[in-house]
Every structure is written in C-alpha cells, then in structure tokens.
Asker: 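There's a structure below that I have some questions on.
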Amino acid sequence: MTPIPNISNSQLAQVFNQVADLLEIKGEIIYKILAYRKAADAFNDLDRNVHDIWQEGKLQEIPGIGKAIAEKVDELLTTGHLSFLEKLTKEVPVSLTEILRVPDIGPKKVALFWKQAGITNLDELASAAKAGKLRSLPGMGEKSEQKILAGLEALARRSGRLPLGKAWLIYQSLSDQLSKIPGVEKVESAGSLRRRRDTVGDLDILVASRQPDIVMDAFVNFPDVVRVVGHGDTKSSVEFSNGVSAQLWAHPPERFGTALQYATGSKEHNVRLRELALKRGLSLSEHSLTRTDGSEILCSTEEEVYAALGLPWIPPELREDRGEVQAALAGELPLLIGMEDIIAELHTHSNWSDGKLTIEEMAGEAIRRGLKILAITDHSTGLGITGGLSVEKIPQQRREIEAVQSKVGNKLLLLQGSEVEIMANGELAFPDEALSQFDLVIASLHISLRQPSEKVTSRLLNAIRNPHVDIIGHPTGRLLPDREGADLDMDAVFQAAAEAGVAMEINAHPSRLDLDDINARRAIALGIPLSINTDAHASSDLDLLHFGLGIARRSWATAEQVINTWPKERLLKWLKARHS
DNA sequence: GCCGTTTTCGGCCCGACTGTTTTCAGTCG
C-alpha cells in the first residue's frame, strides 16, 4: 500500500495559490484564477483536516470546490504530485511569482517584463529598472520605472505582518493625531485590526469628516511618513519610518456606515455582501446602497447597512466569509462571548516564580478589574530561567494564598494552580502527588519546541492524558510574528483533548494568541472547552484580555464554551470531577 | 473554475488612485 502524503490544509492552500499566481501571469481568465484562490482560502479556513473530508469522498461539499479542483486534490493526496502544476511551471518560470510581491506590480506587468524584456526574477527586475530599460516598454514611462524602484526598496524594508498588539498601539497613536485634525468628527479602526486578526498587514483607518481634503493633506504630512504611496480625495496611504504602512479613508458622517463596512472587510465578506445586495436590486459600495433607479440609501451606521440587506449586524470578527453571511440569513449567528461574560482569570504568575507582583497584589488587581476568580499558576521547576516553584514550597505558597483569601473574603475566589512544564522527555516537571495538591493545573510547552512532530506531539498527548491536568497552556508555543509553533499533529491533539475533556487555552498575550482562531474553531467543533487567559506576569498584562477575546470571537465562541465564564460553583464542580 | 428560489449556460462586486494615455488599463483593497 502506498503511503498517503501528509499534506496539511495550509500546504494545500499554498499549492492552489501558486497555481493561481502562475495562471494569472500566463493571462488566464480572471474568474478561473479567482476560483483557485477561493479554493485555497476554503482549505485554509476549514475547521477539519482536508484529509478526512477527502477520505469520506466529500471534497465537493466544501463551498468553492468543484469537480476540477476536487480531482486535483485527489491527485495531490494520492500521489503527492500535481501534474497540472508541473506542466504550468514548465510554461511559466516560478521565480516570476516573487515579482508579484513588489507593490504596484501585478500579473500584467510581470508578464510584460518577462515577455518583452526577458525578466524572470527580482534581481533582473532591479537591474533593468536601474539601467532605465523599463521606461520604454509599452504602457510604461519614467514615473512607472521610478515607482518600481521605490517599490523594490519598500519590499526590502517591509517588516512582514505586525502582531496585533503592536498594530493596536500604533493605531492608538495615529488615532490621537487624526482626531486633532480640524473637521474630523470620528476615528475608527478598520481592516484586519478591527476584525482582530492575530497579525495585521497595513493599518486601515476611517475618519468621518466633511472636509476630506484637509484630512488627507494632514495625513500624508504626518511626521515619520517616509513614502506617500497614494494621495487622493477620499483615500490615501503612506509608509512610516518604522516600515509600517497605513491607509486612511475619509467619508462624511451620513455615509460612515457603508464606508466602515467597506473598510473593515474582509474583501471576501464584502464580495459576498455585494452579491446579496444585487439579488435585492441594490448595489453596495463604500458610499451608499444604490437602487436600480439610481437613488441612494445613505447609512450612517453599519447596522443600517446590514439591515438594508435583511441581515442582523455581523460582528467584525466574523467577517471572513466563513459562513457568517449564510448564518446571518438563517438567523443562526452565534451570540459571541463578550468581555462582560468573563469572570475568571486562570493563568497568572506571582513573585513565587517569574511574576512581578505578590499574590496579594495580583488579587487586588483582579478585584479592580471585576474578576470573581483568580488562579495563581506559577511555573514549576524544570523551566530553568524562571526560577519555578519547587515541590517543597507548594504547601508554603498554599498558606500564603489562604491568608490572602481570608483578607479578600468573598470578593474573589483564589485558586492555587500550577503551570507545570512539559519536559523535553515528555514527563511533567511535577510528580502526580505534587500535582494533586493544586486546585488547577495548566501544562505547557516552553522548551524543545523544535523536536520532530511525532516526538513533540507525544509529549503534549502525555500531558493531555494526565488526569491532574486541566488546561493545556498556549498549545503550539508559537511566538508572533516570526517564531512558528511546534510541529504538532493537531488532529491527534484535539482528539486526545476531546477524550480527556481537557480545556485548551487561548493565550491572550498578543505575542502568543495561541490557539489561533482556526484551531480554536476546530476545538469548539469537537466540544473541547476553551480557556482565555492573559498569562499575566505584571498588572498591566491583565489588560491584554481583549486580544484573546478577539481570537475567541473569531472562532465563533459563545460564553458557554469558555470556562472563564462559568459561575464559581460550576467551575469548581468541573475541576473536582476531573480530579476524582 | 464554480454555481443556480430568475439560470446546467452565462454570468461572476465595486470604486479609488495612478500613469499613460486622449478614453483607459493596471493595481489595490
């Protein structure tokens, strides 16, 4: 029997995106290309492994997958090859696709440079532009050539996607500056920042103003702007000295709803809405909804936009074209978990390990934020750098927690927890009799994340199956923006977690956001409880909760599915049942 | 290439901005 190649959903998506890139350069009709890109997105967003769906013979039940693409997936999963792609790469050099990453260069220009100037990669493009050889090509000129040189430089200094937390801080500062411009009535984040994606490409910002020209002029002249990418009447985009790009729209207040809806995206969600609008005899744009007779419906709020299409307002976190429009039409949108639902913080550190505050100080901070339950989960030994709690000190820490508990009374329930290290050999850093002394145990991976998939997965499975473990902390161990998580077999992990009834964490720290939205949605689909925690090491960390909440909302989580919302009695009962 | 409470064929979202052009193509979101 031939082994089935192990191709993940995201690898599959990459293959079809590459097909789309090459077809686009080749000059294939745009709708075919869109179909491939849509299929790639569908694979990326799937809450199950494509493998399983393939084995069930249900590929074509995935929206956007038809006969032709299903056959290609079949070939890929059976043989590990795609003859269609192999044939394509013989016609179109793969190195051309790297040129597509240059701003202002799309498939048409790539094809032009390739066919008329023999350019096949970024180096050749740069040489030709510097030598002034591009300006004479049809449709090109001196300005276009300069723009390409600027684009190449921008590409070189572009710093990938921003982690959500950093994007949020930059937005706050830009928002302050924008609100001081005369005539600006409102400032709102848009794009992937407002949708709370874990990383953000460009910052998208919308302002309400009746004098958009003044706003645009002020914006492109902000300090730290190193490049004005575009400067129009209602839209401008700039690049700052730190490599971050931002895009600004300005629309009058009575059109703010359509404009915000448009700027928030996602693009795919917007396409879906516009299709729906057309079916209702309306054309949707950032300016308004237009009837067939040309008359306009103006919307100052997003609620009005969605209502005009017969829909309830869809929260930004859901707007990824992952079935939210269909759910809204059917009246089946989930009632997403909100900040007000969360009463427990279950993953924090005190000065008993590497936290900055005493247990009493942490308790005070938790009370100040309206929390009802706080678990102190200091690191175990085994994670050398942090000076973890030793087995001998567990009773001593218990006495301190009890002392603080008697001081705060019923304002806050304190739990003695542990963040126990999953060691490189797969054992937990504490023996079972030590773990049994805690009210709550989180098991986490911090070290040897680069082990082979089989090894690191088995470590995590071992932790999940330990009857003392209640939560798996930041399951993949990724660090945004650049450090990938461990190469885990998430199917095996989720299956084990579902069987053991262990909760999986959404770590709210913006450098983690782990689980991510797709994995969290898979967990929910399997009935695995989620736990959103800040992993606070200092008081200000407790304010990071909203980032984790954003990820949970993106995974369609309701309050019921997150143990941090459960009343005290229910949480304690759940813990007790697990430990008995 | 996908899809169907107008369709199994003929459609497939909408507009801003830029640069090259005399009315539009390419790129982007």
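Naming convention: chains lettered A, B, ... in sequence-line order (proteins, then strands); numbering from 1 in each chain.
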Asker: Do you know the tightest heavy-atom contact between F547(A) and A508(A)?
Answerer: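 Nearest pair, atom of F547(A) first, then A508(A): CB-O, 3.5 Å.
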Asker: Please determine if E268(A) and R37(A) form a salt bridge, counting it only when a charged side-chain N lies under 4.0 Å from a carboxylate O.
Answerer: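 Not counted as a salt bridge, because no side-chain N and carboxylate O are separated by less than 4.0 Å.
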Asker: Are any of the side-chain heavy atoms of R196(A) and L164(A) separated by less than 4.5 Å?
Answerer: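 Yes, at least one pair of side-chain atoms sits under 4.5 Å.
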Asker: Without decimals, in angstroms, what is the distance between E24(A) CD and dG1(B) C1'?
Answerer: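 The distance from CD of E24(A) to C1' of dG1(B) comes to 14 Å, rounded to the nearest Å.
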Asker: Using the C1' atoms only, state how far dT8(B) lies from dG4(B), rounded to an integer number of Å.
Answerer: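 One C1' to the other, the span is 8 Å.
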Asker: If I pick the P atom on dT6(B) and the same atom on dG1(B), what distance separates them, to the nearest angstrom?
Answerer: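 That atom pair is separated by 28 Å.
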Asker: Considering only side-chain heavy atoms of T234(A), which listed nucleotide, dG29(B), dA16(B), dT18(B), is closest?
Answerer: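 For the T234(A) side chain, the nearest candidate turns out to be dA16(B).
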Asker: So, is S283(A) near the phosphate of dC14(B), with a side-chain N or O under 4.0 Å from OP1 or OP2?
Answerer: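 The answer is yes; a side-chain N or O of S283(A) sits under 4.0 Å from OP1 or OP2.
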Asker: In a check of side-chain hydrogen bond (donor to acceptor under 3.5 Å, both in side chains) between H269(A) and each of R322(A), R274(A), E324(A), which one passes?
Answerer: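 In the set R322(A), R274(A), E324(A), the residue that makes a side-chain hydrogen bond (donor to acceptor under 3.5 Å, both in side chains) with H269(A) is E324(A).
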Asker: Check whether the side chains of E296(A) and S288(A) place a donor and an acceptor atom closer than 3.5 Å, and report yes or no.
Answerer: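 Yes.
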Asker: Suppose you measure atom P in dG19(B) against the same atom in dC9(B); what distance do you get, rounded to whole Å?
Answerer: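 So the two P atoms sit 46 Å from each other.
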Asker: Output a table of nitrogen or oxygen pairs between the protein and nucleotides 2-9 of chain B separated by less than 3.5 Å.
Answerer:
unit_1	atom_1	unit_2	atom_2	d
dC2(B)	OP1	G66(A)	N	2.6
dC2(B)	OP1	G66(A)	O	3.4
dC2(B)	OP1	I69(A)	N	3.3
dC2(B)	OP2	A68(A)	N	3.3
dC3(B)	OP1	G64(A)	N	2.7

Asker: So what does the secondary structure string of DNA chain B come out as, 5' to 3', with Watson-Crick or wobble pairs under 3.5 angstrom, [ ] for crossing and | for pairs with another strand?
Answerer: ((((....)))).((((((....))))))
Asker: Walk me through it: do D74(A) and K67(A) pass the test salt bridge (Lys or Arg N to Asp or Glu O under 4.0 Å)?
Answerer: CA-CA 10 Å; D74(A) 187 51; K67(A) 188 162 172 281; over 6 Å; no
Asker: Identify the residue among R161(A), R554(A), R478(A) that makes a salt bridge (charged side-chain N to carboxylate O under 4.0 Å, His left out) with D198(A).
Answerer: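 Answer to the salt bridge (charged side-chain N to carboxylate O under 4.0 Å, His left out) test with D198(A) among R161(A), R554(A), R478(A): R478(A).
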Asker: Take atom CG of L206(A) and atom P of dG29(B), then tell me their distance rounded to the nearest Å.
Answerer: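 After rounding, the gap between these two atoms is 17 Å.
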Asker: Work out how far the C1' atom of dT23(B) is from that of dT18(B), and round it to whole angstrom.
Answerer: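 Pairwise C1' distance, dT23(B) against dT18(B), rounds to 15 Å.
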Asker: Expected output is a numbered-order residue list: members of residues 299-322 of chain A with a heavy atom under 4.0 Å from any atom of DNA chain B. What is it?
Answerer: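 Heavy-atom cutoff 4.0 Å gives no residues at all.
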Asker: When you compare the side chains of E302(A) and W313(A), does any donor N or O come within less than 3.5 Å of an acceptor on the partner?
Answerer: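 Note: E302(A) and W313(A) side chains meet the donor-acceptor criterion.
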Asker: How close or far is atom C1' of dG15(B) from atom CG of L282(A), stated in whole angstroms?
Answerer: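 Result: 17 Å.
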Asker: Between S144(A) and dT20(B), does any side-chain N or O lie under 4.0 Å from OP1 or OP2?
Answerer: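 The answer is yes; a side-chain N or O of S144(A) sits under 4.0 Å from OP1 or OP2.
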Asker: Please state whether the rings of W168(A) and Y171(A) are parallel, tilted or perpendicular, taking 30° and 60° as the class boundaries.
Answerer: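 The arrangement is tilted - the two ring planes meet at 30° to 60°.
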Asker: Tell me which residues in residues 26-34 of chain A lie within less than 4.0 Å of DNA chain B, going by non-hydrogen atoms.
Answerer: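 Listed by number, they are I29(A), Y31(A), K32(A).
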Asker: What integer number of Å spans the C1' atoms of dT7(B) and dA16(B)?
Answerer: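 dT7(B) and dA16(B) have their C1' atoms separated by 33 Å.
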Asker: Which atoms form the tightest heavy-atom contact between N270(A) and Y262(A), and what is the distance?
Answerer: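 It is ND2-O, 3.0 Å.
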Asker: Taking all atoms of both residues into account, what is the closest heavy-atom pair of V200(A) and D202(A), and its distance?
Answerer: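 The answer is CG1-O, 3.4 Å.
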Asker: Measure up the F16(A) and F43(A) rings against each other and bin them: parallel (under 30°), tilted (30 to 60°), perpendicular (over 60°).
Answerer: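 Geometry flag for F43(A) against F16(A): tilted rings.
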Asker: Quick one: do the S285(A) and H287(A) side chains pair a donor with an acceptor below 3.5 Å?
Answerer: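 Side chains of S285(A) and H287(A): no pair found under 3.5 Å.
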Asker: Please measure how far the P atom in dC28(B) lies from the corresponding atom in dG11(B), and state the result in whole Å.
Answerer: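 One P to the other, the span is 29 Å.
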Asker: Let me know which of L125(A), I25(A), L152(A), L155(A) forms a side-chain contact (heavy atoms from CB on, under 4.5 Å) with I99(A).
Answerer: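 It is L125(A), the one option of L125(A), I25(A), L152(A), L155(A) that forms the side-chain contact (heavy atoms from CB on, under 4.5 Å) with I99(A).
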Asker: Which nucleotide wins on minimum distance to the side chain of L278(A), given the candidates dT20(B), dC17(B), dC14(B)?
Answerer: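 The listed nucleotide nearest to L278(A)'s side chain is dC14(B).
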Asker: Please work out which residues in residues 260-276 of chain A have a non-hydrogen atom less than 4.0 Å from an atom of DNA chain B and list them by number.
Answerer: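 Nucleic-acid contacts, sorted: Y262(A), K267(A), V271(A), R274(A), E275(A).
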Asker: Mind listing the closest non-hydrogen atom pair of A557(A) and L530(A) along with its distance?
Answerer: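 In terms of heavy atoms, the two residues are closest at CB-CD1, 4.4 Å.
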Asker: Could you list the protein-to-nucleotides 21-28 of chain B atom pairs, N/O on both sides, closer than 3.5 Å?
Answerer:
unit_1	atom_1	unit_2	atom_2	d
dT27(B)	OP1	G106(A)	N	2.7
dT27(B)	OP1	G106(A)	O	3.0
dT27(B)	OP1	K109(A)	N	3.0
dT27(B)	OP2	K108(A)	N	3.2
dT27(B)	O5'	G106(A)	N	3.4
dC28(B)	OP1	D104(A)	N	2.9

Asker: Is there a donor-acceptor contact under 3.5 Å linking the side chains of S209(A) and E185(A)?
Answerer: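 No, E185(A) and S209(A) have no side-chain donor paired with an acceptor closer than 3.5 Å.
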Asker: I need the minimum non-hydrogen distance between E124(A) and G118(A), along with the two atoms involved.
Answerer: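 Looking at all heavy atoms of both residues, the closest pair is OE1-O, 3.5 Å.
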Asker: In a check of salt bridge (charged side-chain N to carboxylate O under 4.0 Å, His left out) between E320(A) and each of K267(A), R553(A), R272(A), R195(A), which one passes?
Answerer: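 Per the salt bridge (charged side-chain N to carboxylate O under 4.0 Å, His left out) rule, the option paired with E320(A) is R195(A), out of K267(A), R553(A), R272(A), R195(A).
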Asker: When the distance from CG of L149(A) to P of dG19(B) is rounded to whole Å, what number comes out?
Answerer: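 Taking CG of L149(A) and P of dG19(B), I get 14 Å after rounding.
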Asker: Considering only atom P, compute the distance from dG15(B) to dT20(B) and round it to an integer number of Å.
Answerer: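 Rounded to whole Å, the distance is 26 Å.
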Asker: Could you state the CZ-P distance from R135(A) to dT20(B), rounded to the nearest angstrom?
Answerer: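 Between P of dT20(B) and CZ of R135(A): 11 Å.
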Asker: Nearest whole angstrom, please: distance from the P of dG15(B) to the NE2 of H251(A).
Answerer: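 One finds 12 Å between P of dG15(B) and NE2 of H251(A), rounded.
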Asker: I need the CH2-C1' distance between W249(A) and dG29(B), as an integer number of Å.
Answerer: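 Answer to the nearest Å: 6 Å.
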Asker: Between dT21(B) and dG26(B), how far apart are the two C1' atoms, rounded to whole Å?
Answerer: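 About 13 Å, rounded to a whole number of Å.
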Asker: Report the residue (E142(A) or L284(A)) whose heavy-atom-nearest nucleotide on DNA chain B is the more 5′ of the two.
Answerer: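 Going by which nucleotide is closer to the 5' end, it is L284(A).
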Asker: Nearest-Å distance, CD (E286(A)) to C1' (dG29(B))?
Answerer: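 Atom-to-atom, E286(A) to dG29(B), this comes out as 10 Å.
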Asker: If you take all heavy atoms of L59(A) and A70(A), which pair is closest and at what distance?
Answerer: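 So the minimum-distance heavy-atom pair works out to CD1-O, 3.7 Å.
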Asker: Just verifying a value: how many Å separate L273(A) CG and L278(A) CG, rounded to the nearest 0.5 Å?
Answerer: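 Answer for the CG-CG pair, L273(A) versus L278(A), is 11.0 Å.
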